[in-house]
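Each remark here refers to the structure printed beneath this line.
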Amino acid sequence: MSFKKSLRGHWHHLYEKFETPKTSEFTLTCQQVIERLNRGEGRDLSYYTVRLYFHLSLCSACANYRRFSNWLAKVSKEGLLDSETSLDHEQISLINQRLLKKFL
Amino acid sequence: MKYLSDEIRRALLRRDQVLLDQLFREINPVLCKTMAGERLSPEDTEELLHQTWLTFLEKLDSFEGRSQIKTFLIGILINKLHELRRSKKRFQSVEDADQAFQNAFTVDGWWKTDPPDPEELMSSKEVGRWIEECLQGLSVSQKDAFVLREIQGEDSEVICKILQVNVTHLGVLIFRAKEKLRKCLEGSLGVRGST
């Protein structure tokens, strides 16, 4: 097991052991991290993002969740746009032409 | 062309062909993406597009132009999709989803059960074709939130405006959508997560 993975595995234990009013000002809980990830936050260079990535770098559970989320977004996009019911560029173009006729 | 200026409004009211053509070409692919996963026939898709633009043109006077034309149209389309789904009775209240999100964490905000390593699921090449099937298991609001965020890549602010939810509820809806999709995908592929 890599050092990173090993550290991630002990993160919650370490956090709970060393939690003080000062450290809890900086650290985020898993719930807070997941809420922010699902709102699409963490793309800027704010202080909050630093706190987010600090947690993600140490917590294997949230890191797994984030990996899964990124992968899900990718396969969903590919899967849906390739599906039998999705329209291609040519079909949309034909619809546009027919719509134009209806509205003029 | 993102916002509705007076000049564009006037052009739309007189059904300017060049402008309409340009808007259809810019916005209809986005609207079609929003309908991705709905399993609509090409005819139904076209009819929904027609109804959406019809409503947009009828409501031009009430559209103040503070949001993008695209956002306004997605909002109308989502309402049309709601009407369609309502007839299929696939609804789940936001409150149910909210409770489920809270249940995933301890009172201190830590995971009750850690999400499993997604490695096994991610290594499967078949998963793409199961996504559409699994999306059918989501509630209306979960599906809308997921498609707008992950397929369209819209910002939270825009999605909240379209779905008329606050940012906390949006996060909850997306969380539930992902959890349901994960479970469905694991089931579809015979993968047993460590939960």
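In this text the structure is predicted, and so the values were computed from the model without any measurement. Hydrogens, waters and symmetry mates play no part in the numbers below; they use all other heavy atoms, side chains included. Proteins come first, then strands; the chains are lettered A, B, ... in the order of their sequence lines, and each starts at number 1.
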Subject >> Atom group of Ile92(A) that falls short of 4.5 Å from chain B, counting heavy atoms >> reply: side chain

Original post:
What part of Glu43(B) lies closer than 4.5 angstrom to a heavy atom of chain A: side chain, backbone, both or neither?
Top reply: neither

**OP:** For each of Gln32(A), Gln97(A), Arg98(A), tally heavy-atom pairs with chain B at distances under 4.5 Å, and name the one with the top tally.
**Re:** Arg98(A)

Original post:
Under a 4.5 Å heavy-atom cut-off, does chain A meet the side chain of Ile159(B), its backbone, both or neither?
Top reply: neither

**OP:** Could you tell me whether the side chains of Gln152(B) and Thr34(B) share a donor-acceptor contact shorter than 3.5 Å?
**Re:** yes

Original post:
Does the pair Lys74(A)/Glu78(A) count as a salt bridge with the N-to-O cut at 4.0 Å?
Top reply: yes

Original post:
Can the ring centres of Phe105(B) and Trp111(B) be said to be less than 6.0 Å apart?
Top reply: yes

**OP:** Against chain A, label Arg25(B) side chain, backbone, both or neither, depending on which of its atoms sit under 4.5 Å from a heavy atom there.
**Re:** both

**OP:** Between chain A and each of Lys178(B), Met35(B), Arg15(B), count heavy-atom pairs under 4.5 Å; write down the option with the most.
**Re:** Lys178(B)

**OP:** In a single word, yes or no, tell whether Cys30(A) and Cys59(A) have an SG-SG distance below 2.5 angstrom.
**Re:** no

**OP:** Compare all side-chain heavy atoms of Val147(B) with those of Ser76(A) and state whether any distance is below 4.5 angstrom.
**Re:** no

Original post:
Quick one: of Leu170(B), Asp16(B), Asp21(B), who has the most non-hydrogen atom pairs under 4.5 Å with chain A?
Top reply: Asp21(B)

